[in-house]
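Have a look at the structure below before the remarks.
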Amino acid sequence: DGGITQSPKYLFRKEGQNVTLSCEQNLNHDAMYWYRQDPGQGLRLIYYSQIVNDFQKGDIAEGYSVSREKKESFPLTVTSAQKNPTAFYLCASSPGLGGKLFFGSGTQLSVL
Amino acid sequence: EDQVTQSPEALRLQEGESSSLNCSYTVSGLRGLFWYRQDPGKGPEFLFTLYSAGEEKEKERLKATLTKKESFLHITAPKPEDSATYLCAVRGGGSEKLVFGKGTKLTVNP
């Protein structure tokens, strides 16, 4: 079945550590996105990519980095510069920018 | 700046008790209003896209409507399995990005 796979489901970060969240899609979508979700808050856009080897900052990019080396993959690295990383992270894709989003099942990141 | 406000924040209904969720928006040139359903610990699931005032879409017990300032998600005779958080998002004419509201948490008691 086509879809978006996020891994791991749960992730723990030690202080000063960088961690990487995986996102893979087999929908042949051009655009991919990373959102952060905090309790009681709307989804906030971290980074998005319209095409391989190109990506743009969203509204809360500080302390995060991404790469888009393959159309199917859009990993997110939470760096040690992100001082409040505990949140639910959602990856999404769409056929083109601004269209209907298809979401993965999310990764819950917590700080040890 | 595009903005989305959802109300109420939380809603409790008895099974079979119909109601509506509200999504008020401010955008320059609406290019799409999206409704999603999200279960706890999972990613949002797409429900509807609406593009112009007067448009309506239905799926089972859910019906979404759109005016120039707001959208309603009507739930008719809800069942406990309709319990979830419902998210609204808009895309304005000047942006490639969706702006999400904070959601309405719906609980349907048997």
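Every chain is numbered from 1, with letters handed out A, B, ... down the list of sequences. These figures come from a predicted structure and were not determined experimentally.
- Within 6.0 Å of the NZ atom in B/Lys57, the count of heavy atoms belonging to other residues, nucleotides or ligands exceeds 12.
- In the displayed structure, B/Lys105 atom NZ is contacted under 6.0 Å by at most 12 heavy atoms of other residues, nucleotides or ligands.
- Taking the six-membered ring for Trp and the full ring otherwise, B/Tyr36 and A/Phe103 have centroids separated by under 6.0 Å.
- In this structure, chain B has no heavy atom under 4.5 Å from any part of A/Gln108.
- For the set A/Leu101, A/Asp59, A/Leu45, the entry with the most heavy-atom pairs within less than 4.5 Å of chain B is A/Leu101.
- Environment of CD in A/Glu62: sparse, with no more than 12 heavy atoms of neighbouring residues, nucleotides or ligands closer than 6.0 Å.
- In this structure, B/Phe46 and A/Lys100 approach most closely via the heavy-atom pair CD2-CE, 3.3 Å.
- Atoms OG1 and CD, on B/Thr85 and A/Gln37 in that order, are 8.0 Å from each other to the nearest 0.5 Å.
- Taking NZ of B/Lys42 as the reference point, atom NZ of A/Lys9 lies at 8.0 Å (rounded to 0.5 Å).
- Listed here is the closest heavy atom pair of B/Gly43 and A/Leu90: CA-CD2, 3.6 Å.
- In this structure, B/Arg61 places its CZ atom where more than 12 heavy-atom neighbours from other residues, nucleotides or ligands lie under 6.0 Å away.
- For the atom pair OG (A/Ser105) and CG (B/Asp39), the distance works out to 12.5 Å, reported to the nearest 0.5 Å.
- The cluster map of Ile, Leu, Val, Met, Phe, Trp and Tyr, joined by side-chain heavy atoms under 4.5 Å apart, puts B/Phe100 and B/Phe48 in different clusters.
- By the neighbour-count criterion of 12 heavy atoms within 6.0 Å, atom CD of A/Gln17 is densely surrounded, having more than that number from other residues, nucleotides or ligands.
- More than 12 heavy atoms of other shown residues, nucleotides or ligands fall within 6.0 angstrom of atom CG in A/Leu27.
- Rounding to the nearest 0.5 angstrom, the gap separating the CD atom in B/Glu45 from the CZ atom in A/Phe102 is 11.0 Å.
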